[in-house]
Structures are given as structure tokens and as C-alpha cells.
Engineer: 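Would you mind keeping the following structure in view while I ask a few things?
FYI, the numbering just counts along the sequence from 1. The figures here come from the full heavy-atom set of this structure, side chains too, leaving out hydrogens, waters and symmetry mates.
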Amino acid sequence: MTTAVDFHFDPMCPFAFQTSVWMRDVRAQLGIDINWRFFSLEEINREDGKKHPWERDWSYGWSLMRIGALLRRTDMALLDRWYEAIGHELHVAGGKPHDPVVARRLLVGIGVDGSILDAALDDSTTHDEVRADHQRVVDAGGYGVPTLFFDGQCLFGPVLVDPPTGPASVKLWDVVSGMASLPHVYELQRPKSAADAELIGRSLRPYLDGRDWVSINRGEVIDVEGLTGGRG
């Protein structure tokens, strides 16, 4: 029986956030441990000739994950609260957690001194932690988020909107963990109708209002009003 999962996320990805909401509900019901890990959409979708996110003074998702890395050294629960706060600000409230001023406010909101932001940016080893988590996904053949590791298996997804709760949440967990128990089942995908695309567009409206970047899907610019990918 699965008792723990490594959940790789980029705080800027709306699909990873939706999946994290579902995963938290599963945790509340089944007592599963969530180990929060990182993955950078900025890096995986970086254009040739552009700076790596670790070469910038401030890089949207990457810098927020560096803060998370420093918090995680103290307690995974702090990273848990940090990701939840970032996610709510961007993906629910339509705010801008990637603005350093807002990031400081969010740190205070989870009971952490805002100076943690400066400490994380001054500590080059936080780059190393984010890069190590990111590389783990790449080495496993991964390309986006959410990516889950459990029971020796790596799975991309589930990609969803309107995360299930209660019995439906556990039912989805049984599907996901059941797929992981069959290591040579590689893909199971539901085609998206026009109505599905409209639903996805509505659910992502706060994210679209808060973001300051162009969404990329495996290296291609995508139409976020009819978004059909789950890779940020």
C-alpha cells in the first residue's frame, strides 16, 4: 500500500496546483505523506540562447522554489504551507506571488519572517536543491508537472480541473496508484471536447489574470483561452 508520494511542482503551473488540491484531500483522508519537490517549467521550456533561471537575479517560479528549498530544510510542513499560499494567491485570487513584494507578504502570512526571501537568494545552494529535484524528473523521462514518484514509479499527472473531494478523491487515487502498479502501462488520456476546453479556460481565469509570462506547452506557445495541455 502506498503511504508516501513525492510531488514535483512548479508554483506557476495551474495544473500542478489543481492536482495538489486533490492530493491534499487524499492526504487528509488516507494519511499519505506528501514530499514536495521541484521542477522548473522556465528551464525545461527555455529557448536556446536565453539565460537559465539560475542565472537571473529573480526568476518567477525558480526564485519561489529557492525560498521553498530553504523552508524545506527546516520542515517539510513549511514548504507545504508556502506552496499552498503561492498557489492560492496566483491560481485562486489572480495575484502575483512572483512579485518579491507579494512573496514577502505571503511568507509573513504563513508565519515566517519575510527576510527568508533574502536568505534564500543569498544562499547559492538553494539553486542546487531546485536543480537536483528538476533533474530527477528529467532523468526519469519527465517533461512537466505534476509529476509523482511513488512505489518506484514515476507518473505525469493526473491533469485535472475542479479537483474531486471525499470518496471521489480516493477513487481517483486508487486509479493513479493502480496504474503505478502496472509499470508497462504508459499512457491513459481523455480527449478534450470544445466544452472541456471552455471549462478549462474558465477555471484558469485567475492564473491568466495573475501571470506575467507566456504559457508554453513542450516548447510551443499555446492558446490559453483554449488550453489543452498540462505542462504549464
Engineer: Is a salt bridge present between Asp80 and Arg27, judged by a nitrogen-to-oxygen distance below 4.0 Å?
Structural biologist: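 Here Asp80 pairs with Arg27 in a salt bridge, since their nearest N and O are under 4.0 Å apart.
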
Engineer: Would you say the side chain of Leu90 lies within less than 4.5 Å of the side chain of Pro11, judging by non-hydrogen atoms?
Structural biologist: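 They are not in contact (no side-chain heavy atoms under 4.5 Å apart), so the answer is no.
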
Engineer: If only atom types and distance count, is the side chain of Arg24 paired as donor or acceptor with the main-chain N or O of Ala28 below 3.5 Å?
Structural biologist: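 A pair under 3.5 Å: no.
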
Engineer: With a 4.5 Å cut-off on side-chain heavy atoms, are Leu155 and Thr147 touching?
Structural biologist: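 Answer no - side chains too far apart.
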
Engineer: More than 12 heavy atoms of other residues, nucleotides or ligands under 6.0 Å from CD of Glu187: yes or no?
Structural biologist: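 Incorrect, the count does not exceed 12.
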
Engineer: More than 12 heavy atoms of other residues, nucleotides or ligands under 6.0 Å from CG of Leu188: is that the case?
Structural biologist: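 No, the 6.0 Å shell around CG holds no more than 12 heavy atoms from other groups.
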
Engineer: So Ser115 and Asp118, side-chain hydrogen bond (donor to acceptor under 3.5 Å, both in side chains) or not? Walk me through it.
Structural biologist: CA-CA 5 Å; Ser115 64; Asp118 303 294; 5.9 Å; no

Engineer: Is it true that Phe156 and Val185 fall in one hydrophobic cluster, defined by side-chain heavy atoms closer than 4.5 Å?
Structural biologist: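 Unlinked, Phe156 and Val185 end up in two clusters.
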
Engineer: Tell me if a side-chain donor or acceptor on Arg66 pairs with a main-chain N or O of Asp128 at a distance below 3.5 Å.
Structural biologist: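 No, because the side chain of Arg66 does not come within donor-acceptor range (under 3.5 Å) of the backbone of Asp128.
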
Engineer: Yes or no on side chain to side chain contact (heavy atoms under 4.5 Å, CB included) for Phe7 and Ser20, after CA distance, side-chain angles and deciding distance?
Structural biologist: CA-CA 8 Å; Phe7 189 118; Ser20 76; 3.9 Å; yes

Engineer: If you look only at pairs with a residue in residues 82-94, which of them pass as a side chain to side chain donor-acceptor pair (under 3.5 Å), with sequence neighbours excluded?
Structural biologist: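 Listed by first then second residue: Glu89-Arg105.
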
Engineer: Keeping to residues at least two apart or across chains, list the salt bridge (Lys or Arg N to Asp or Glu O under 4.0 Å) pairs with something in residues 5-23.
Structural biologist: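 Output for this query lists Asp6-Arg136.
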
Engineer: With under 30° as parallel and over 60° as perpendicular, where do the rings of Trp54 and His52 fit, or are they tilted in between?
Structural biologist: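 Trp54 and His52: parallel rings.
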
Engineer: Nearest 0.5 Å, what's the CG-OG distance between Asp174 and Ser181?
Structural biologist: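 Answer for the CG-OG pair, Asp174 versus Ser181, is 10.5 Å.
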
Engineer: To the nearest 0.5 angstrom, please state how far the CG atom of Leu117 sits from the CD1 atom of Ile67.
Structural biologist: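 The CG atom of Leu117 sits 4.0 Å away from the CD1 atom of Ile67.
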
Engineer: Is it true that Arg202 and Glu198 have a side-chain N and a carboxylate O under 4.0 angstrom from each other?
Structural biologist: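 The answer is yes: the pair qualifies as a salt bridge.
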
Engineer: Tell me if a side-chain donor or acceptor on Asp113 pairs with a main-chain N or O of Val108 at a distance below 3.5 Å.
Structural biologist: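 A pair under 3.5 Å: no.
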
Engineer: Only pairs at least two apart or in different chains count here, so list each ring-ring contact (aromatic ring centres under 6.0 Å, His included) that has a residue in residues 95-118.
Structural biologist: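 Only Tyr60-His98, His98-Trp213 qualify under ring-ring contact (aromatic ring centres under 6.0 Å, His included).
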
Engineer: Evaluate the side-chain proximity of Thr19 to Pro158: yes if any heavy-atom separation is below 4.5 Å, no if none is.
Structural biologist: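 Result yes, sub-4.5 Å side-chain heavy-atom pair found.
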
Engineer: How many angstroms lie between atom CG of Leu70 and atom OG1 of Thr125, to the nearest 0.5 angstrom?
Structural biologist: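 Interatomic distance, Leu70 CG to Thr125 OG1, rounded to 0.5 Å: 8.0 Å.
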
Engineer: First locate atom CG of Asp99, then atom CG of Leu64, and finally report the distance between them rounded to the nearest 0.5 Å.
Structural biologist: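 The distance works out to 10.0 Å.
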
Engineer: Are any of the side-chain heavy atoms of Leu160 and Leu172 separated by less than 4.5 Å?
Structural biologist: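 They are in contact (side-chain heavy atoms under 4.5 Å apart), so the answer is yes.
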
Engineer: Under a 4.0 Å threshold between the charged nitrogen and the carboxylate oxygen, would Asp133 count as salt-bridged to Arg72?
Structural biologist: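 Yes, this pair counts.
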
Engineer: Give, for atom NZ of Lys96 and atom CG of Leu106, the distance between the pair rounded to the nearest 0.5 Å.
Structural biologist: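 Here the interatomic distance stands at 13.5 Å.
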
Engineer: Are the side chain of Ser59 and the backbone N or O of Trp62 linked by a donor-acceptor pair below 3.5 Å?
Structural biologist: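 No, the answer is negative, given that no donor and acceptor are paired below the 3.5 Å cut-off.
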
Engineer: Applying the ring-ring contact (aromatic ring centres under 6.0 Å, His included) criterion to His8, which one of Phe39, Phe38, Phe149 satisfies it?
Structural biologist: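 That would be Phe149; it is the only one of Phe39, Phe38, Phe149 passing the ring-ring contact (aromatic ring centres under 6.0 Å, His included) with His8.
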
Engineer: Inspect the surroundings of CG in Asp151 and state if more than 12 heavy atoms from other residues, nucleotides or ligands are less than 6.0 Å away.
Structural biologist: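 Counting other residues, nucleotides and ligands, CG of Asp151 exceeds 12 neighbours.
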
Engineer: Main chain of Ser193, side chain of Asp196: is a donor-acceptor contact present, judged purely on distance under 3.5 Å?
Structural biologist: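 Side chain of Asp196 to backbone of Ser193: a pair is present.
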
Engineer: Would Phe150 end up clustered with Met179 when hydrophobic side chains under 4.5 Å apart are linked, directly or stepwise?
Structural biologist: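 Looking at the clustering, Met179 is in a separate group from Phe150.
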
Engineer: From Arg131 CZ over to Thr126 OG1, what is the distance, rounded to the nearest 0.5 angstrom?
Structural biologist: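 Those atoms lie 11.5 Å apart.
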
Engineer: Are Arg73 and Glu129 ion-paired here, with the side-chain N under 4.0 Å from a carboxylate O?
Structural biologist: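 Glu129 and Arg73: salt-bridged.
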
Engineer: Verify, without hydrogens or angle tests, whether Arg81 (side chain) and Ile110 (backbone) share a donor-acceptor contact under 3.5 angstrom.
Structural biologist: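 Judged by distance alone, yes, a pair lies under 3.5 Å.
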
Engineer: Output yes when a side-chain donor or acceptor of Thr3 lies under 3.5 Å from a complementary backbone atom of Ile32, and no otherwise.
Structural biologist: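 Pair absent, no side-chain N/O of Thr3 close to backbone of Ile32.
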
